[in-house]
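The structure displayed is predicted, hence computed values, not measured ones.
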Amino acid sequence: MTTKQDRTPDFTLPDYVKFFSAGALAATLTHGAATPIDVVKTRIQVDDSLKGYNMIRAGRTIVAKEGASALLTGFGPTAVGYLVQGGGKFAGYELFKKKFIDLVGGPEKAVPHRTAIYLGASATAEFFADILLCPLEATRIRLVSQRGYANGLTSGFMRMAREEGFRGFYSGFVPLLFKQIPYAVGQFTVHEAVNEVIFRSIGAERKAKLTQLQSTGIELTSGIAAGVAAAVLSHPADTLLSAINKGAGDRSQSTTSRMFQLAKEFGPVRLLTTGLAPRVVMTCGLVSGQFVIYAQCKALTGAPPGIEIHKETSL
């Protein structure tokens with residue numbers, strides 16, 4: 001559980017290692033488990049023979065033609081990519097949240113500014129985490145979208161490094177930010193807000209006596225709400241990137257320019273609603289699972305609690 005103090009705790013390097021390790025495990029387990037879904041989704045986007053198929057039909061077609069192992073294509077880059085991204089994001093959030101709280105004068109003075117702190121800490125943490133993620137995400141997309149590109153993570157990464165270099169790894173960095181930063185902002189900010197509402201409703205005395213099962217239930221509840229927010233906020237960019245993967249837009253332009261061009265063509269309704277329902281379901285599972293695993297790993301490793309700046313009275 002989190003605690004509020006007159007001054008922020010002095011987290012040590014081992015503490016941040018524990019935060020990183022817990023976040024890394026939470027992200028790589030959840031995203032790794034979702035690899036088959038990502039494979040089917042990406043193949044629908046880029047494979048003309050699967051155009052118009054739903055997820056189940058496309059998955060069955062891939063298995064029938066290529067075997068079940070095809071659903072794990074890109075598992076290496078996904079697992080390693082989200083290992084470093086998840087560790088960087090969760091540890092970075094703890095770090096930047098503390099820094100921003102200190103900037104406004106400590107936990108007590110930070111309470112009125114808590115939403116801005118959540119937004120700033122999550123966005124900043126995600127920016128740096130995406131620097132780690134981008135090369136591995138580029139490798140994953142290439143492995144999934146171009147069959148026969150390489151045998152796995154190492155060979156795919158080395159081929160891209162040899163043929164395209166730095167530009168190949170980071171050509172999609174800005175579009176990735178458009179998707180990942182809103183995702184992280186929704187994930188952490190709503191998680192904090194829902195936890196605040198729950199803790200205020202049960203009271204400080206009951207909060208101090210919560211069992212592990214009850215704490216897990218709270219993490220699941222706030223994680224599901226955070227998953228909805230993360231999905232909705234990041235969905236427009238995800239829709240645009242999916243369209244670009246299908247070849248939409250002027251290919252002579254950069255990916256960022258194509259995103260803005262397609263955004264004008266699609267309009268707000270299509271950007272916000274097309275394919276949103278399945279993405280909300282998937283994201284709720286990912287985000288709630290991450291928060292539960294993160295909390296359990298922190299408890300197992302003896303990591304210190306996060307800094308709490310929740311408002312104790314009614315909103």
Side-chain angles (χ1 to χ4, degrees), residues 11 16 19-32 34 38 77-101 103 113-138 140-141 169-195 222-223 225-241 255-256 259 279-280 282-291 293-295 298 306-307 309:
F11 293 146
Y16 285 110
F19 295 150
F20 186 97
S21 300
L25 187 61
T28 198
L29 286 177
T30 52
H31 282 280
D38 279 337
T78 297
V80 177
Y82 282 98
L83 185 79
V84 295
Q85 185 265 0
K89 178 171 69 173
F90 278 91
Y93 181 71
E94 302 280 10
L95 170 66
F96 290 112
K97 182 180 175 184
K98 170 179 165 55
K99 295 294 184 185
F100 294 155
I101 291 172
L103 282 176
H113 311 289
R114 62 195 183 282
T115 301
I117 289 172
Y118 302 150
L119 292 171
S122 57
T124 307
E126 185 62 47
F127 174 85
F128 288 104
D130 285 346
I131 294 175
L132 302 175
L133 173 65
C134 198
L136 292 152
E137 181 68 2
R140 181 194 71 81
I141 292 174
F169 285 134
Y170 285 97
S171 60
F173 181 63
V174 173
L176 183 67
L177 293 179
F178 278 117
K179 176 184 173 181
Q180 292 293 110
I181 287 182
Y183 186 106
V185 163
Q187 176 180 2
F188 285 102
T189 304
V190 174
H191 176 258
E192 294 271 17
V194 174
N195 274 349
S222 57
V228 173
V232 171
L233 291 174
S234 63
H235 190 64
D238 185 69
T239 300
L240 293 172
L241 289 173
T255 304
T256 305
M259 285 185 69
R279 189 156 193 273
V280 166
M282 177 179 172
T283 305
C284 284
L286 288 172
V287 171
S288 59
Q290 286 177 16
F291 280 120
I293 295 170
Y294 183 66
K298 285 178 66 178
I307 307 168
I309 50 174

Only pairs under 3.5 Å count here: list side-chain donor-acceptor contacts from residues 77-85, not counting sequence neighbours, and write none if there are none.
| residue | atom | partner | partner atom | Å |
| --- | --- | --- | --- | --- |
| Thr78 | OG1 | Gly74 | O | 2.9 |
| Gln85 | NE2 | Glu126 | OE1 | 3.4 |
| Gln85 | NE2 | Glu126 | OE2 | 3.0 |

Legend entry - From SG (Cys134) to CD (Gln180), nearest 0.5 Å: 10.0 Å

Inset, instruction - Measure up the Phe188 and Phe90 rings against each other and bin them: parallel (under 30°), tilted (30 to 60°), perpendicular (over 60°). - result: perpendicular

Inset, instruction - List the atom of Gly306, the atom of Glu94, and the distance in Å for their closest heavy-atom pair. - result: CA-OE1, 3.7 Å

Inset, instruction - Given ring-ring contact (aromatic ring centres under 6.0 Å, His included), test Phe127 with Phe96 step by step and report yes or no. - result: CA-CA 12 Å; Phe127 174 85; Phe96 290 112; 9.9 Å; no

Inset, instruction - Please check if the side chain of Thr189 supplies one atom and the backbone of Gly186 the other of a donor-acceptor pair under 3.5 Å. - result: no

Inset, instruction - Check whether any side-chain heavy atom of His31 lies under 4.5 Å from a side-chain heavy atom of Gln290, and answer yes or no. - result: yes

Inset, instruction - Using the ring-ring contact (aromatic ring centres under 6.0 Å, His included) rule, take Tyr294 and Phe291 through it: C-alpha gap first, then chi angles, then the decisive distance, then the call. - result: CA-CA 5 Å; Tyr294 183 66; Phe291 280 120; 7.4 Å; no

Legend entry - Under 3.5 Å side-chain donor-acceptor pair for Tyr93 and Gln187: no

Legend entry - Donor-acceptor under 3.5 Å (Lys97 side chain, Ile307 main chain): yes

Legend entry - Residue from Phe19, Phe128, Phe11, Tyr16 passing side-chain contact (heavy atoms from CB on, under 4.5 Å) with Leu95: Tyr16

Inset, instruction - Please report the shortest heavy-atom distance between Gly92 and Ala125, naming the atom on each side. - result: C-CB, 3.5 Å

Inset, instruction - Decide yes or no for Leu233 and Tyr183: does some side-chain heavy atom of the first lie under 4.5 Å from some side-chain heavy atom of the second? - result: no

